[in-house]
Structure formats: C-alpha cells, structure tokens
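See below for the structure under consideration.
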Protein chains: 2
Amino acid sequence: MRSEDLPVIGQLPLFADMDEEHFADLMRAAYLQTFPPQVDLISEGDRADFLYVVVEGCVELYARSNGREATMSLVRPVSTFILAAVLKDVRYLMSGRTTEKSRILLIPSEDIRRAFRQDDAFARAIVVELASRYRAVVRDHKNQKLRTGVERLANRLLVIERDQGGKGRLTLPYDKRTLASLLGMTPENLSRAFNTLKPYGVEVSGSEIRLTKAGDLRGLAKPNELIDDDTDGPVG
Amino acid sequence: MRSEDLPVIGQLPLFADMDEEHFADLMRAAYLQTFPPQVDLISEGDRADFLYVVVEGCVELYARSNGREATMSLVRPVSTFILAAVLKDVRYLMSGRTTEKSRILLIPSEDIRRAFRQDDAFARAIVVELASRYRAVVRDHKNQKLRTGVERLANRLLVIERDQGGKGRLTLPYDKRTLASLLGMTPENLSRAFNTLKPYGVEVSGSEIRLTKAGDLRGLAKPNELIDDDTDGPVG
DNA sequence: CGACGATTTGAATAGGATCAATGGGAGTGG
DNA sequence: CCACTCCCATTGATCCTATTCAAATCGTCG
C-alpha cells in the first residue's frame, strides 16, 4: 500500500472518524492493487475474505443462475462493495469484475470485523455506508421495475448531462456495452433505444451525445428524484 | 403500548443487547397499533417519521412512478422496514400498506437516532439488521432478473413446502393476489404459471397445493441457495 | 491493408402485461 | 336453506417490450 494513497482513503466517510490507531491497523493489513479490465475479483458463493473499495476505475457486480447472467450494479469511486457479506461473515451473493483499469483496495474481512467490534465511530460509519448502499439498490430496483428500457436510457442521459455541466451535451463515461448492462438491457436493445430517442433530440456520434430538445426528452423521461437523485440530501 | 408485548419486542435481535434504560426510553415513545388490511402506513417521498416493526400480519412495500406501481417486497413478522431512511433522516423510497390485519410497532425516528448515538450495542445490532435487509433485497433482485415467472413460482412453492414440513403439500400463506405481486407478476400471469406447472405435479385447489412430482418440479426450478435460502448461516 | 471487437440492423420469438369476459366460492339477507 | 352479491381467480385474445440469433457495418489498431 503506497503511503501517498493513505490520506485519500482516510478521508472516506467510512474511515474518517475512526481512531487513528485502528485505522493504521486496517491499512497495514490492506492491499491496494491495480487491475486490468475484465478481471474477476470475486465470485458469488465464495466466502467473504475481503472488503473491497473502488478507488479508481469501475467494478461491475453481477450474478448468475441457470445459464443466465444479470448485471446488478456498477460501482464507481469511491465506494465499497459487498460490505454486508463481510460484516455477516457469509458468502458473497454477487460476483464482481473490473470493467476498466481500476485501483482497488482490499481489506481482509476479519480486520474489518475486528475494527467494527472495537471502534464505535467505525461501527456507526458502517451503518451510514450500509444504509446508502441499501437505498441505492432500492433505487435500482425501482428504476428497473417502473420504467421501460427507453425511459431508463432517457433518464440516465439526463443525469449524465447534468453531472457534466448541463450544457446540452455529454460524453458517455463507459462503453455502450457497459451502459447497456447498467440499464438492464442488451446492447442490441440499447442501440434501438437510442434510435427511439432520436425524435426527442438525442444525437449520438460514438460516445459523444447532444441533447437538442432537453424539454421533450424530459417529458418522455419523467425524472423522479426518488429514483434518479442519489444525493439523499436533507429533507427539503 | 401494552406491557405484555414488551418482552416479545425486547427479544428481537435488534433490541436484545440494548441497555435496559435505553430500551425503556424507546418503548415509552413507541406505539403498538393494530391495523385492518389495505391500510396505507407510509408513502414514498414522506420524511421518515417512524421506524416500523411488523409484529403480526404482513406489510407490502411498493413504489410508484408514472402511472405504474410495483411491489418491492413483503415484510413478515418479525422484521423492521424503512430502517435506512430513518437512520439517514431522509425521505422514504417506498410506500407501505398492510395486506392483512396487522400489529405494527411505530417508533419515532428521532428516538431511534438518539438510541443509535447513545447505545453502542444498538448501533451494532442495527448494522446486522441493515446488512440482512440489504442481502434480502439483493436476493429479490436476483430472483427477479435471473428467473422467469414460472421458475419463480416453482421455487417459491418448494420453499413454502419445505417450511411447512416437506410433506409434499402446502397451504399458501397469502392469497394469490398477494403471491402474484410478491413474485413480481400479475394475478393473470400467476394463474397461467400454475397451469404451466401442472405437468410437473403441481395440483392446486384453492390455497391447498400438492406437489406430486417434487423431483420434476425441482428439475424445472433449479433452486439456488444464494437466492432462495434466507438463512445466511455460517459458511461451510 | 487486414483483423478484430464493438455497434448496429433485421427478423423471429418469448415472456409478460393489458383488457375484457366468465366462472366460482364465501358471506349476507331473505 | 336458498338466492344474491361481491370479490377473487381464471380464461381468452391481443399488444408490447425485450431477448435471441444472424448478418452487416463501423472503427481502431497493429
């Protein structure tokens, strides 16, 4: 673990209030590694040996059953994954792989659990992190069950555009294959969804997209802050 | 709050290790109420005023967007719901209503948050509860995305049969309308799914069901402990 | 240039949803 | 005890969304 990364990690809400000694213990036991794209990090059914933190890059969580496979979510910096399995000391429910070159922090689960027992501030920070993950999954679930593929794409485009400055154009932060699985559809379907959105002013060239009729698009998308807004800010 | 209920509540894992004084404070502020079926308890978007505990009966969590509505999960005794929103002091992401006559404990969220700050054992118990809820949602999500409606029904029947003693017969613990939404399908579709399962030895009469070819049914269902098994028991 | 992977397009199919209508069982009132 | 009613469950027909399989196209990189 390179020492220059320590401050970044230590500022994460999950660790920020920890006793320094306990944090140092955790970091001594941890590994920070860089992985190429498409590397399998964990596999569902394995026991939870490590807690993972995505420091840079992107990890896709997915699951299999029968012959089928489904993307569950994409994890972007800075965020943990499979925290629940680590705390309960049970098997992973999901598999995870990098979608791009990524820097990942691995912390042995036994150390996490010890810190959880010893450090009250850490235990409380874990609650906040878990609650956030939980709500993110619920949002995903709502997005998936209450919207069609076209609507999911429209809303996603609006969110990305807003994040990139609201200038009516945006650059997709992942390839279309990954975007498709994030949206819970096949690449073919994504392609068709883009065509469907053309009359709503969505102009695609590669990963550059312009939204020339944001109003129309918003009319179709019907954004909903209880699905799209990740902020969980104070009640307004 | 009737005193005879106190011991039951106090034995819940969530409260069992709390300081007695803190627990007493919580219970003084709480209400235990009985609701008829189909009563709306919470509505998505409302701020989280109470933590709810289903003591008896059943609560359906659902969500709306556009004109659509989707059941997110059914909560059965004894379990909390919307704990994450209460802890983060943000708006509910889901609405909830009773599906049958139910006894529900309501605890003001501010009291929950105070106990969370003051009582370390409670804070840790909350982590376990949250982690369990989280994994339950992930399981639901997998069930939904990796299986067809017929497969979901087949697996559910096998689980219920096992819970009721594995004697090749079972009694549905809810009406078919509720079962349908639990399985993420319409009542019409559930009806057809039962027909599809007839060749696999599923004999339905009302809410009494016999499984005469459990092997065949299991072959179709392909049960998966990472989806169907709620135990989260020790690894191994 | 040539090859390879990613994306797009097309055609056929499956899984569900929706709308409409019918059947059936439990409870109510006569 | 029987008719009536209401609600749930079932059945049928049709529509829509999305998946699958196949093939063409595009783009990039060696």
- Task: Using a cut-off of 6.0 Å, state whether more than 12 heavy atoms not belonging to B/R210 lie near its atom CZ.
- Result: no
- Message: A quick test of your reading: do over 12 heavy atoms of other residues, nucleotides or ligands sit less than 6.0 Å from OH of A/Y62?
- Response: yes
Exercise answer: donor-acceptor pairs, residues 50-61 of chain A side-chain atoms, under 3.5 Å, sequence neighbours excluded:
residue, atom, partner, partner atom, Å
A/E56, OE2, A/R103, NE, 3.4
A/E56, OE2, A/R103, NH2, 3.4
A/E60, OE1, A/R97, NE, 3.1
A/E60, OE1, A/R97, NH2, 3.4
A/E60, OE2, A/T71, OG1, 2.5

- Query: Just how far, in rounded Å, is C1' of D/dC16 from CE of A/M185?
  - Reply: 15 Å
- Would you kindly give the CD-to-P distance between A/Q144 and D/dA18, to the nearest whole Å? 9 Å
Filtered N/O pairs between nucleotides 9-14 of chain D and protein, under 3.5 Å:
residue, atom, partner, partner atom, Å
D/dA9, OP1, B/K176, N, 2.9
D/dA9, OP2, B/R177, N, 3.1
D/dT10, OP1, B/K176, NZ, 3.1
D/dT10, OP2, B/S191, OG, 3.3
D/dT10, O5', B/S191, OG, 3.0
D/dT11, OP2, B/N195, ND2, 2.8
D/dG12, N7, B/R192, NH2, 2.6
D/dG12, O6, B/R192, NH2, 3.0
D/dA13, N6, B/R192, NH2, 3.1

- Contact boundaries of DNA chain C with chain A (under 4.0 Å, heavy atoms), 5' to 3'? C/dT7 to C/dA11
- Query: Can you find a side-chain donor-acceptor pair between B/R133 and B/S79 that sits under 3.5 Å?
  - Reply: yes
- A/Q38-A/T98 side chain donor-acceptor pair, cut-off 3.5 Å: no
- Please step through side-chain hydrogen bond (donor to acceptor under 3.5 Å, both in side chains) for the pair B/D46 and B/S43, ending with a clear verdict. CA-CA 6 Å; B/D46 289 355; B/S43 187; 4.6 Å; no
- Message: Cation-pi check for B/Y134 against A/K88: NZ or CZ below 6.0 Å from the six-membered ring centre and within 45 degrees of the axis, yes or no?
- Response: no
- Task: Could you grab the distance from atom CG of B/L183 to atom CZ of B/R147, nearest 0.5 Å is fine?
- Result: 10.5 Å
- For B/T186, report the nucleic acid contact type (base, sugar-phosphate, nothing); a contact means any heavy atom under 4.0 Å. base
